[in-house]
Amino acid sequence: MLRTHTCGELRAANDGERVTLCGWVQNRRDHGGLLFLDLRDRYGVTQVVTEPEFPEAGAAADRVRLEWVVRGTGVVRTRPDANRNKDRSTGQIEVVLEEFEVLSASAPLPVAVTGEERSSEELGLRYRYLEMRRPEVRNALETRARMNQIIREHMIAQAFVEVETPILLRSTPEGARDYLVPSRVHPGSFYALPQSPQILKQILMVGGMDRYWQIARCFRDEDLRADRQPEFTQLDIEMSFVEQDDVLEVVESLVVRLVREIAGVEIPSSVRRMPYAEAVARYGTDKPDLRFGLPVVDVTEILQDCAFGVFSGAAKAGGRIRAIALGPEHPLSRKKLDALPAAVADRGARGVAWVRIKAEGWSGAAAKHLTDAEQSGLTEALGLQEGGIALFLAGPSEVVVPASGDLRVHLGKLFELRDPARYELLWVVDFPLFAWNEDEQRLDAAHHPFTAPLPEDVPLLDSAPKSVRALAYDLVLNGEEVAGGSIRIHQHDVQSRVFELLGIGADEAQQRFGFFLEALRYGAPPHGGCASGLDRLAASLLGLEQIRDVIAFPKTTSAADLMSGAPSTVDPAQLVELSLQLDVASPAETGNEPGDGIRSA
RNA sequence: GGGGAUGUAGCUCAAUUGGUUAGAGUACCGGACUGUCGAUCCGGAUGUUGCGGGUUCGAGUCCCGUCAUCCUCGCCA
């Protein structure tokens, strides 16, 4: 090693030892006859100092600038009390330089490596290796590594076998857009990158692997968000001869442990379960944030004949009226009330009606239309208190239900009810098996087409498929989905029936999933599993809103890698080799290329 | 594909109603200084105001287009 110690480990106990440190120059304080350098590496920061007694080392150190990589040798000296730095673990000592060499100089920096001000995200991505020197990014990556270690221990201890599945595999339509890879030896044919190893892990069960796990990279060519990258990482699990609870227990015990060991918060080891229907009814979403209350109440029955046209009109048209009650501890000014509709406009909700509950009478546009019976009905249903407010959304169910969820979350933010130190886990279970696709007038798989129906709902497959519930489950952490899975169909005939309901004919199923359906015919064990998005989970545990910082080399919202310049054009010879011909003007002709503006800087 | 925000020195930002030479901090370069830890002090250099077009006597500022980044709707079985 070029060093005897790291920059984070010397203490007063090392006084008098001769040591060698390597690191980046984080700061430089030149006093003329005396020069202080702060040397930084992954482990910490240590102050080194020059003294006139060693002029050669002093002259060499004098040349260095920020972020140069240097190596210094000298004796550890305990600092006088007045000169100790209490904010730093190595602050009791310093190293008096006897020898000093520059290992690597640095050009002036294009991004801020130290200090509280962080450079723009664009520059941070372009110069990711410099951002990575910042503690917040380094800490996130170290946290990911610890999570992986905990996961590995947990899975191995429970007899799971880690199996790698291919990155190049067959495109199986449905779901997200595939990333495609052209085949050279099979002109006109393509591999797809996995959206998840779903079919493969089920086939592993048919192969008798019994308990599989993998930290798997997944790829989906869809538009991005703060919590979505084109490639992301899942903890993938599949188990044979299990019932739903068996899968949930494996996953929840792991996530509870991660919350404890990563976030340092102790939470109950048994995670509560809530049917999908209840989650949607009470919280307007299938992933409720249970760190705060403010439940949504359906008041359609109470207000359906109301003199207020907005309410009765919605009810008569078959819609719903949903309300959230605010106690006197959550006051809203007229200005804030007027800003509420903007919070639900995304969902197509037209407005938010409100009434103030006062001793002398209710006020608000809707108040004067409410009969005494309606007022007492609302008071009881919503638990209204004097000094409080009732908020109402009215309209078609498919608008008002999700809008009520958005409104609740908006209020949670507004009143700062989302305690960042709290971790509320919840299993949402009994999801519907199918979702109605309005555009194409057919059923879609709500989870995926291999999800098993609830046994007691199987008869409904023929009579009322839309009301069939599934053995599917999502793990929700503070209002974010961090894992999801299902018990799978292991019977060939049931699988065929589901495909039929999804409008996938026998021929088409054969063409798309033939190899999988064939596998189900050769003794498939009952099985089920789960997958957890580790990027989001890591971000949640670190209290981050976006996942880029828990990924070493993330991409932009247009799926570009600003550091390497991917995606890029390729040599025409490569296209010829792949039997590909482009039908678009090349970027060279349009003069545009991703990252252009910044790379030319 | 739609909506919104942002783009000024290497970096973080400022610049009044459209007004004449676009500033500050920091980094960088030079100098002073023996106890700093955001060192301090003195001096210096640094600009295609993202790009293209337009309006105007005059544009960082107004208009149109475009590119990039971020947020978001659609999308993500």
Side-chain angles (χ1 to χ4, degrees), chain A residues 26-38 45-53 58 65-67 77 79-88 90-91 94 106-127 130 172-178 195-196 198-199 218-230 232 342 345-348 406 431 433-435 437 439 443-451 470 472 481 484 486 498 502 504 533 545-546 548 555-558 560 562 587 590-601:
Chain A
Q26 173 161 307
N27 199 4
R28 177 182 191 278
R29 295 176 295 278
D30 187 353
H31 288 252
L34 189 66
L35 172 69
F36 299 98
L37 298 179
D38 290 338
V45 179
T46 299
Q47 173 171 287
V48 302
V49 60
T50 65
E51 295 240 316
E53 197 182 335
R65 293 295 181 266
L66 297 190
E67 298 303 312
R77 178 166 72 191
R79 301 193 209 173
D81 280 349
N83 294 337
R84 293 190 178 175
N85 185 336
K86 294 186 191 66
D87 300 330
R88 202 173 270 172
T90 60
E94 63 195 355
S106 171
L109 299 170
V111 298
V113 170
T114 59
E116 285 169 25
E117 281 177 345
R118 198 165 157 180
S119 293
S120 69
E121 293 200 52
E122 193 171 356
L123 284 165
L125 294 177
R126 167 79 176 84
Y127 297 97
L130 295 178
T172 49
E174 294 251 20
R177 220 173 274 121
D178 282 325
Q195 295 176 26
S196 80
Q198 182 62 37
I199 290 177
C218 306
F219 305 86
R220 293 179 191 176
D221 186 4
E222 296 292 345
D223 286 345
L224 307 180
R225 293 287 188 281
D227 62 350
R228 269 170 23 198
Q229 284 272 303
F232 59 100
D346 280 347
R347 298 288 187 184
D406 284 359
F431 274 80
L433 186 60
F434 300 110
N437 184 327
D439 293 342
L443 293 174
D444 277 345
H447 184 55
H448 61 57
F450 319 115
T451 301
E481 180 194 328
S486 63
V498 168
L502 291 171
I504 304 172
E545 303 247 325
Q546 48 93 357
R548 281 186 298 276
K555 292 179 177 62
T556 66
T557 38
S558 62
L562 296 181
T590 63
N592 299 320
E593 204 175 332
D596 232 15
I598 191 144
R599 249 176 321 174
S600 59

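Residue numbering restarts at 1 for every chain, and letters A, B, ... go by the order of the sequence lines.
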>> Taking any heavy-atom pair under 4.0 Å as a contact, classify L224(A): base, sugar-phosphate, or nothing.
In response: nothing
> Side chains of P230(A) and L224(A): closer than 4.5 Å at any heavy-atom pair?
Replying inline: yes
>> Mind checking if T114(A) touches a base, just sugar-phosphate, or nothing, with heavy atoms under 4.0 Å?
In response: nothing
>> Distance criterion of 3.5 Å, no angle test: do you see the side chain of R220(A) paired donor-to-acceptor with the base of rC76(B)?
In response: no
> For N83(A), what residues pass the side chain to side chain donor-acceptor pair (under 3.5 Å) criterion, not counting sequence neighbours?
Replying inline: none
>> Using the side-chain heavy atoms of T556(A), tell me which of these nucleotides is nearest: rC70(B), rA68(B), rC11(B).
In response: rC70(B)
>> Using heavy-atom distances to pick each residue's nearest nucleotide on RNA chain B, tell me which of P110(A) and F450(A) is more 5'.
In response: P110(A)
Tabulate atom names and distances for all N/O pairs under 3.5 angstrom spanning the protein and nucleotides 23-26 of chain B.
none

> With sugar-phosphate meaning primed atoms plus P, OP1 and OP2, does A435(A) contact a base, only sugar-phosphate, or nothing at under 4.0 Å between heavy atoms?
Replying inline: nothing
> Checking all strands, does E116(A) fall into the base, sugar-phosphate, or nothing category for heavy-atom contacts under 4.0 angstrom?
Replying inline: nothing
> Which nucleotide in the list rG10(B), rC28(B), rC71(B) gets nearest to the side chain of R65(A)?
Replying inline: rC28(B)
>> Under 3.5 Å for both donor-acceptor distances, Watson-Crick or wobble: does rU66(B) have a partner, and if so which one?
In response: rG50(B)
Write down the protein N/O and nucleotide N/O pairs, taken from nucleotides 43-46 of chain B, whose separation is under 3.5 Å; answer none if there are no such pairs.
none

> Does a side-chain N or O from S558(A) land closer than 4.0 Å to OP1 or OP2 of rU69(B), or not?
Replying inline: yes
Considering only nitrogen or oxygen atoms on both sides, find all protein atoms under 3.5 Å from nucleotides 1-8 of chain B and state each distance.
| residue | atom | partner | partner atom | Å |
| --- | --- | --- | --- | --- |
| rG1(B) | O6 | D223(A) | OD2 | 3.4 |

> Between the side chain of R84(A) and the main-chain N/O of R79(A), is any donor-acceptor distance below 3.5 Å?
Replying inline: yes
>> Suppose we define a pair by two distances each less than 3.5 Å, Watson-Crick or G-U wobble; what does rC13(B) pair with here?
In response: rG23(B)
>> Using a 3.5 Å distance criterion without hydrogens, assess whether the side chain of D30(A) forms a donor-acceptor pair with backbone atoms of G32(A).
In response: yes
> Below 4.0 angstrom, N of the basic side chain to O of the carboxylate: do R228(A) and E222(A) qualify?
Replying inline: no
>> Generate the contact string for nucleotides 32-38 of chain B. Rules: B means base contact, S means sugar-phosphate contact only, - means no protein heavy atom under 4.0 Å.
In response: -BBBBBS
>> So, using salt bridge (Lys or Arg N to Asp or Glu O under 4.0 Å) as the criterion, who are the partners of R225(A) when residues are at least two apart?
In response: none
